[in-house]
Peer 1: 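Have a look at this one.
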Amino acid sequence: MSSAAAAVPTTDFASLPFEEKLDRFAKVAVHVGLNLQPGQELLISATLEMVPLVRRITEHAYKAGALLVSTVYSDDETVLARYQYAQDASFDHAAQWMADGTAAAFKSGAARLALAGANPALLAGQDPAKVSRSNIAASKANKPAMELITRHAINWSILANATPAWAKLVFPGLPEDQAMTKLWDAIFTASRATSNDPVATWKAHSQHLHERVAYLNEKRFHSLRFHSADGQTDLTVGLADDHLWAGGGGTGGNGIFCNANIPTEECFTTPHKDRVDGVVQASKPLSHQGTLIENIRCRFEAGRIVEATASAGEDVLNRLISTDDGARRLGEVALVPHSSPIAQSGILFWNTLFDENAASHIALGQAYATCLRGGEHMDETTLAGKGANSSLIHVDWMIGSGQMNVDGLASDGSSQPLMRAGEWA
Ligand code: ZN
Ligand code: ZN
């Protein structure tokens with residue numbers, strides 16, 4: 001990460017015109033998120049509302065020596081047209097040829113950038129069965145490409161782009177233009193793009209997370225126990241054999257260091273798919289594929305969810321965990337202090353990229369092979385033998401808060417406080 005943001009602006013970020021803020025953010029995408037290398041192809045996914053940022057990113061990517069930048073755009077209205085007019089068979093179909101092309105691009109060295117921020121409630125009024133079927137079809141088609149991502153074979157990154165529908169959800173009381181301004185500012189701040197030298201800022205941030213990770217890896221805990229002061233959560237999460245903690249930037253299988261999530265505040269690892277027991281209450285609503293699921297409460301036995309309720313979106317939740325056997329089991333456990341800048345902003349973003357970095361969380365579904373010692377070279381059977389879960393889904397949901405205590409349990413049963421009232425102990 002050297003060739004980055006060469007010019008160090010002397011201006012205060014808040015006083016910059018929006019165009020310049022966006023330009024600075026585009027540099028963060030190319031030089032911090034992706035660390036795009038000369039000669040690399042870049043594949044971007046975005047919605048039509050994100051064209052201004054995509055144009056900036058494309059410019060900086062070519063300046064950084066990109067061989068070719070290609071963007072796949074989606075559009076809310078055409079997505080809805082499918083739900084309104086398409087024949088029933090459409091919902092079990094996905095563009096396999098495009099998914100194959102994406103996997104081929106990654107295999108031949110392309111980097112991947114996803115822009116998040118599409119209307120979180122776009123599909124809220126649609127038939128949940130059709131939503132679920134089309135998600136399953138898309139997940140199946142994209143499995144080879146996603147595997148290259150979960151194995152961190154390439155450099156990739158996700159950043160956010162404010163959109164009117166999203167901004168309205170986050171700031172319901174404000175007119176659209178004010179809500180957009182506030183959401184963009186929250187994104188820039190959380191993404192550490194406001195610093196005069198974002199590359200250096202990110203290097204220091206990553207270093208800090210790497211130190212935490214090193215501490216947790218040295219401890220080699222057998223399990224973690226989450227217990228909240230209000231008694232709503234008492235969950236023991238077994239950790240996979242040979243689990244590795246990760247956090248901050250990392251080097252992909254192609255040798256390129258990247259920051260896959262912007263922002264990121266988490267230290268995360270792979271739970272054991274058969275050793276999760278107890279009750280857990282979500283601390284924030286979950287926005288999943290266009291539907292909002294609120295007050296999730298689940299009971300686990302021997303790794304599986306045996307009971308799941310929600311005050312809103314319970315039907316979607318139950319469909320989600322019925323996707324396949326692995327959808328009822330955990331694929332990730334992550335620790336985030338309550339003092340993280342995103343938690344402190346007090347903003348509920350209704351977007352996992354942000355909300356997962358405001359609170360400790362767990363994820364249903366697919367585990368990250370890179371969170372096991374030597375995992376990136378293991379086949380699925382070996383990974384499963386270590387306790388790593390496999391599923392078509394990977395959905396994070398927030399369980400941490402200022403009330404949450406976390407203990408690390410050693411294999412001899414001894415326990416050590418890791419977090420108290422949401423902070424590192
Ligand atoms: Zn996470
Ligand atoms: Zn996750």
Side-chain angles (χ1 to χ4, degrees), residues 92 94 96-110 112 114 132-156 158 217 220 222-224 237-246 250-255 258 260-261 268-277 289 300-306 319-334 361-397:
D92 298 315
Q96 187 66 58
W97 57 271
M98 194 149 81
D100 292 344
T102 305
F106 294 165
K107 276 186 191 141
S108 66
R112 176 234 195 192
S132 159
R133 281 164 59 202
S134 70
N135 284 337
I136 290 172
S139 298
K140 279 185 180 158
N142 280 299
K143 202 171 184 222
M146 282 316 292
E147 234 171 57
L148 294 166
I149 300 290
T150 57
R151 282 173 190 263
H152 201 171
I154 61 165
N155 51 329
W156 62 278
I158 306 182
N217 277 332
R220 306 235 45 84
H222 180 255
S223 319
L224 302 180
V237 179
L239 301 181
D241 308 342
D242 293 328
H243 68 272
L244 278 179
W245 286 87
T251 303
N254 61 358
C258 66
N261 281 191
F268 61 102
T269 192
T270 298
H272 195 293
K273 65 185 176 64
D274 303 324
R275 290 201 288 110
V276 181
D277 290 275
Q289 312 270 20
F300 285 83
E301 275 177 23
R304 282 183 96 240
I305 292 179
V306 291
R319 274 173 205 280
L320 174 69
I321 63 176
S322 304
T323 306
D324 49 30
D325 181 62
R328 283 183 182 271
R329 299 174 188 273
L330 296 188
E332 177 190 337
V333 58
H361 56 272
I362 49 185
L364 296 170
Q366 182 67 36
Y368 285 97
T370 47
C371 286
L372 287 178
R373 208 179 290 272
E376 57 272 47
H377 306 298
M378 290 176 193
D379 60 21
E380 265 187 60
T381 319
T382 317
L383 286 169
K386 300 269 178 196
N389 193 32
S390 131
S391 171
L392 288 172
I393 67 160
H394 178 98
V395 178
D396 298 87
W397 48 292

Peer 1: What is the minimum heavy-atom distance between Val237 and Pro271, and which atoms define it?
Peer 2: CG1-CB, 3.6 Å

Peer 1: Can you name the nearest heavy-atom pair linking Ala99 to Ala141, along with the distance?
Peer 2: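 Heavy atoms only, the tightest pair is CB-O, 3.2 Å.
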
Peer 1: Ignoring hydrogens, what is the shortest heavy-atom contact between Val276 and Phe300? Give both atom names and the distance.
Peer 2: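 Nearest pair, atom of Val276 first, then Phe300: O-CB, 3.4 Å.
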
Peer 1: Please report the shortest heavy-atom distance between Leu372 and Ala388, naming the atom on each side.
Peer 2: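 That would be CD1-CB, 3.8 Å.
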
Peer 1: So, for His152 and Tyr368, is the gap between ring centers shorter than 6.0 Å?
Peer 2: no

Peer 1: Looking at CG of Asp324 and CD1 of Ile393, how far apart are the two atoms once the value is rounded to the nearest 0.5 Å?
Peer 2: 7.0 Å

Peer 1: Would you check if the side chain of His394 reaches a backbone N or O of Gln366 as a donor-acceptor pair within less than 3.5 Å?
Peer 2: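 Flag set: sc His394 to bb Gln366 pair under 3.5 Å.
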
Peer 1: Side chains of His243 and His272, heavy atoms from C-beta outward: is any pair under 4.5 Å?
Peer 2: no

Peer 1: Kindly say whether Gly326 contributes a backbone atom to a donor-acceptor pair with the side chain of Asn389 at under 3.5 angstrom?
Peer 2: yes

Peer 1: Just do the side chain to side chain contact (heavy atoms under 4.5 Å, CB included) check on Thr370 and Leu244 with the steps written out, would you?
Peer 2: CA-CA 8 Å; Thr370 47; Leu244 278 179; over 6 Å; no

Peer 1: So, does Arg328 use its side chain to make a donor-acceptor pair with the main chain of Arg304 at under 3.5 Å?
Peer 2: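 Not a single qualifying donor-acceptor pair exists.
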
Peer 1: What heavy-atom pair brings Glu301 and Asp277 nearest, and what distance separates the two atoms?
Peer 2: CA-OD1, 3.5 Å

Peer 1: Looking at OG1 of Thr323 and CG of Leu364, how far apart are the two atoms once the value is rounded to the nearest 0.5 Å?
Peer 2: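 Going from OG1 on Thr323 over to CG on Leu364, the span is 9.5 Å.
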
Peer 1: Determine whether Leu392 and Lys143 make a side-chain contact, defined as any pair of heavy atoms from C-beta on separated by less than 4.5 Å.
Peer 2: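 Leu392 reaches Lys143 side chain to side chain.
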
Peer 1: Ignoring hydrogens and geometry beyond distance, is a side-chain donor-acceptor pair present between Thr382 and Asp379 at under 3.5 Å?
Peer 2: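 A donor-acceptor contact under 3.5 Å links the two side chains.
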
Peer 1: Do His377 and Arg151 have side-chain heavy atoms sitting under 4.5 Å apart?
Peer 2: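 A side-chain contact is absent here, since even the closest heavy-atom pair is not under 4.5 Å.
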
Peer 1: NZ of Lys386 to CG of Asp242: how many Å apart, nearest 0.5 Å?
Peer 2: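 Interatomic distance, Lys386 NZ to Asp242 CG, rounded to 0.5 Å: 4.0 Å.
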
Peer 1: Side chains of Trp245 and Leu239, heavy atoms from C-beta outward: is any pair under 4.5 Å?
Peer 2: yes

Peer 1: Look up atom CZ in Arg329 and atom CG in Asp274, then write down how far apart they are to the nearest 0.5 Å.
Peer 2: 5.0 Å

Peer 1: Do the side chains of Leu148 and Trp156 get nearer than 4.5 Å, heavy atoms only?
Peer 2: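 Of all side-chain heavy-atom pairs linking Leu148 with Trp156, none is under 4.5 Å.
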
Peer 1: Looking at Gln96, I'd like to know if its CD atom is crowded, meaning that more than 12 non-hydrogen atoms belonging to other residues, nucleotides or ligands lie closer than 6.0 Å.
Peer 2: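 Buried by this count: over 12 neighbours within 6.0 Å.
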
Peer 1: Atom SG in Cys258, atom CZ in Arg112: separation rounded to 0.5 Å?
Peer 2: 11.0 Å

Peer 1: Which value, rounded to the nearest 0.5 Å, describes the distance between Phe268 atom CZ and Cys371 atom SG?
Peer 2: 4.5 Å

Peer 1: Which pair of non-hydrogen atoms, one from Ala334 and one from Glu332, has the smallest distance, and what is that distance?
Peer 2: CB-OE2, 3.7 Å

